[in-house]
Amino acid sequence: MIANAARPTARPELLALLGRTPLVRITADLPGPHPGFWAKLEGLAAGGMKARAAESMLRGARARGELRPGAPVVESTSGTLGIGLAFAGQALGHPVVLVGDRELEPSMRQLLCAHGVRLELVDRPAPEGGWQAARLARLRELLAVLPDAYWPDQYNNPDNTAGYASLAAELTAQLDRLDVLVCSVGTGGHSAGVIAPLRRHWPALRLIGVDATGSTIFGQPARPRLMRGLGSSIHPRNVAYDAFDEVHWVGPAEAVDSCRRLARGSFVSGGWSTGAVARVAAWAARVHSGAEVATVFPDGPHRYLGTVYDDDFIAAHGLAPSAAAIRPIEIPHPRAAEAAGWVRCTRVTDPLRASVSPYPPEETL
Ligand SMILES: Cc1ncc(COP(=O)(O)O)c(C=O)c1O
């Protein structure tokens with residue numbers, strides 16, 4: 001059992017390090033020529049992209065009196081929000097207890113612990129809902145023994161989304177024009193948070209969501225997934241379904257190939273979500289002739305040295321470049337067929353609201 005952690009000193013001066021990330025033009029071969037797109041390098045800010053969401057959720061809870069000064073914060077994470085919470089916890093003076101799982105990379109475990117986080121790991125996925133459901137079950141046990149603790153619930157907390165107003169403001173200051181925005185979707189936070197303010201600025205802006213194969217967010221069946229960060233085995237309520245013009249499901253082979261091409265050709269790179277959005281952004285820049293395309297690279301490459309950038313891992317999982325699709329297959333409806341690689345659909349619906357016939361499991365693309 002976990003005892004209540006000591007009350008840390010708040011270090012509000014750290015908040016000066018939040019956001020304000022650079023935007024860079026990407027022209028690397030991804031694969032094949034494209035006119036280039038803009039990438040917001042969120043991995044270059046202290047605490048990464050999710051520090052924006054973490055700070056917003058803790059501040060919101062403090063303002064409503066749901067989080068008392070010095071009280072612990074407990075959350076389930078596959079890593080990125082954990083680092084963001086470690087940052088916001090130090091800045092605002094809260095101990096942080098995180099529930100991760102066995103799949104959390106050893107380097108991320110070390111990083112979290114080095115930053116003062118108390119880390120709990122679950123060792124098997126739940127029969128329904130996978131790792132996410134298993135982490136949430138453990139989280140509820142922790143909340144029961146830490147009566148003062150606050151659970152931000154990043155999947156459903158509107159303050160997660162609200163935290164990305166700063167990201168939208170930075171984009172409007174950094175770009176003269178924007179026609180297409182490509183966002184990875186995990187909790188749905190950053191895509192939902194940026195699209196409303198950006199459309200006030202550029203009303204015709206198209207939003208492309210990028211999900212992982214095997215993720216159920218946009219109505220595909222949930223399967224075990226290799227990729228972390230984007231995708232989900234639950235239906236987060238923060239996903240702004242109505243805001244998306246189209247969705248792409250990208251597989252691990254495409255993400256790996258893109259990450260490696262980015263690192264070789266444009267120096268900046270990242271992990272699964274970065275590789276996936278880069279491939280879709282390059283495709284969008286190619287097919288929408290003359291359009292300005294931008295995307296968000298949520299983190300950098302370091303966390304993925306043992307996966308995306310490891311030749312043995314790639315060989316063991318059959319992720320050679322030859323397995324990576326160079327263009328998406330089109331489907332008319334998210335349930336028309338199961339995506340095994342890169343698939344595109346221009347019909348976006350909330351699976352919890354949609355009444356569609358069950359998809360035929362024998363059809364896999
Ligand atoms: C590395 C990484 N990329 C992308 C995402 C998706 O972002 P969002 O949760 O804002 O949809 C996440 C979310 O956990 C992430 O950790």
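Predicted model, so just to flag it, every value in this text is computed and none were measured. We count ligands from 1, going down the list as the structure has it; atoms in each ligand are counted the same way.
- Within the structure, no pair that satisfies the salt bridge (charged side-chain N to carboxylate O under 4.0 Å, His left out) test touches residues 121-130, not counting sequence neighbours.
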Between ligand 1 and the protein, give all atom pairs where both partners are nitrogen or oxygen and the distance is under 3.5 Å, as lines of names plus distance to 0.1 Å.
from: ligand 1; atom 1: 3 (N); to: Ser273; atom 2: OG; distance (Å): 2.7
from: ligand 1; atom 1: 7 (O); to: His190; atom 2: ND1; distance (Å): 3.2
from: ligand 1; atom 1: 9 (O); to: Lys50; atom 2: NZ; distance (Å): 2.8
from: ligand 1; atom 1: 9 (O); to: Thr187; atom 2: N; distance (Å): 2.8
from: ligand 1; atom 1: 9 (O); to: Thr187; atom 2: OG1; distance (Å): 2.6
from: ligand 1; atom 1: 10 (O); to: Gly189; atom 2: N; distance (Å): 3.4
from: ligand 1; atom 1: 10 (O); to: His190; atom 2: N; distance (Å): 2.9
from: ligand 1; atom 1: 10 (O); to: His190; atom 2: ND1; distance (Å): 2.8
from: ligand 1; atom 1: 11 (O); to: Gly186; atom 2: N; distance (Å): 2.7
from: ligand 1; atom 1: 11 (O); to: Thr187; atom 2: N; distance (Å): 3.2
from: ligand 1; atom 1: 11 (O); to: Gly188; atom 2: N; distance (Å): 2.8
from: ligand 1; atom 1: 14 (O); to: Lys50; atom 2: NZ; distance (Å): 2.9
from: ligand 1; atom 1: 16 (O); to: Thr80; atom 2: OG1; distance (Å): 2.4

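- A salt bridge between Asp299 and Arg228 is absent, with no side-chain N of the basic residue lying under 4.0 Å from a carboxylate O of the acidic one.
- Note: His248 and Trp342 have tilted aromatic rings, judged against thresholds of 30 and 60 degrees for the angle between ring planes.
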Would you be so kind as to tabulate the donor-acceptor pairs closer than 3.5 Å made by side chains of residues 10-24, with sequence neighbours excluded?
from: Arg20; atom 1: NH2; to: Ala16; atom 2: O; distance (Å): 2.5
from: Thr21; atom 1: OG1; to: Lys40; atom 2: NZ; distance (Å): 3.0
from: Thr21; atom 1: OG1; to: Glu42; atom 2: OE2; distance (Å): 2.6

Please list every donor-acceptor pair under 3.5 Å in which a side-chain atom of residues 259-269 meets a protein atom from a residue at least two apart or in another chain.
from: Arg260; atom 1: NE; to: Val308; atom 2: O; distance (Å): 2.9
from: Arg260; atom 1: NH1; to: Asp311; atom 2: OD1; distance (Å): 3.0
from: Arg260; atom 1: NH2; to: Val308; atom 2: O; distance (Å): 3.3
from: Arg260; atom 1: NH2; to: Tyr309; atom 2: O; distance (Å): 3.4
from: Arg260; atom 1: NH2; to: Asp311; atom 2: OD1; distance (Å): 3.0
from: Arg261; atom 1: NE; to: Asp257; atom 2: OD1; distance (Å): 3.3
from: Arg261; atom 1: NE; to: Asp257; atom 2: OD2; distance (Å): 2.9
from: Arg261; atom 1: NH1; to: Asp29; atom 2: OD1; distance (Å): 3.1
from: Ser266; atom 1: OG; to: Ala28; atom 2: N; distance (Å): 3.3
from: Ser269; atom 1: OG; to: Cys259; atom 2: O; distance (Å): 2.8
from: Ser269; atom 1: OG; to: Tyr309; atom 2: OH; distance (Å): 2.6

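- Ion pairing between a basic and an acidic side chain is recognised when a charged N comes within 4.0 Å of a carboxylate O; Lys50 and Glu55 show no such pairing.
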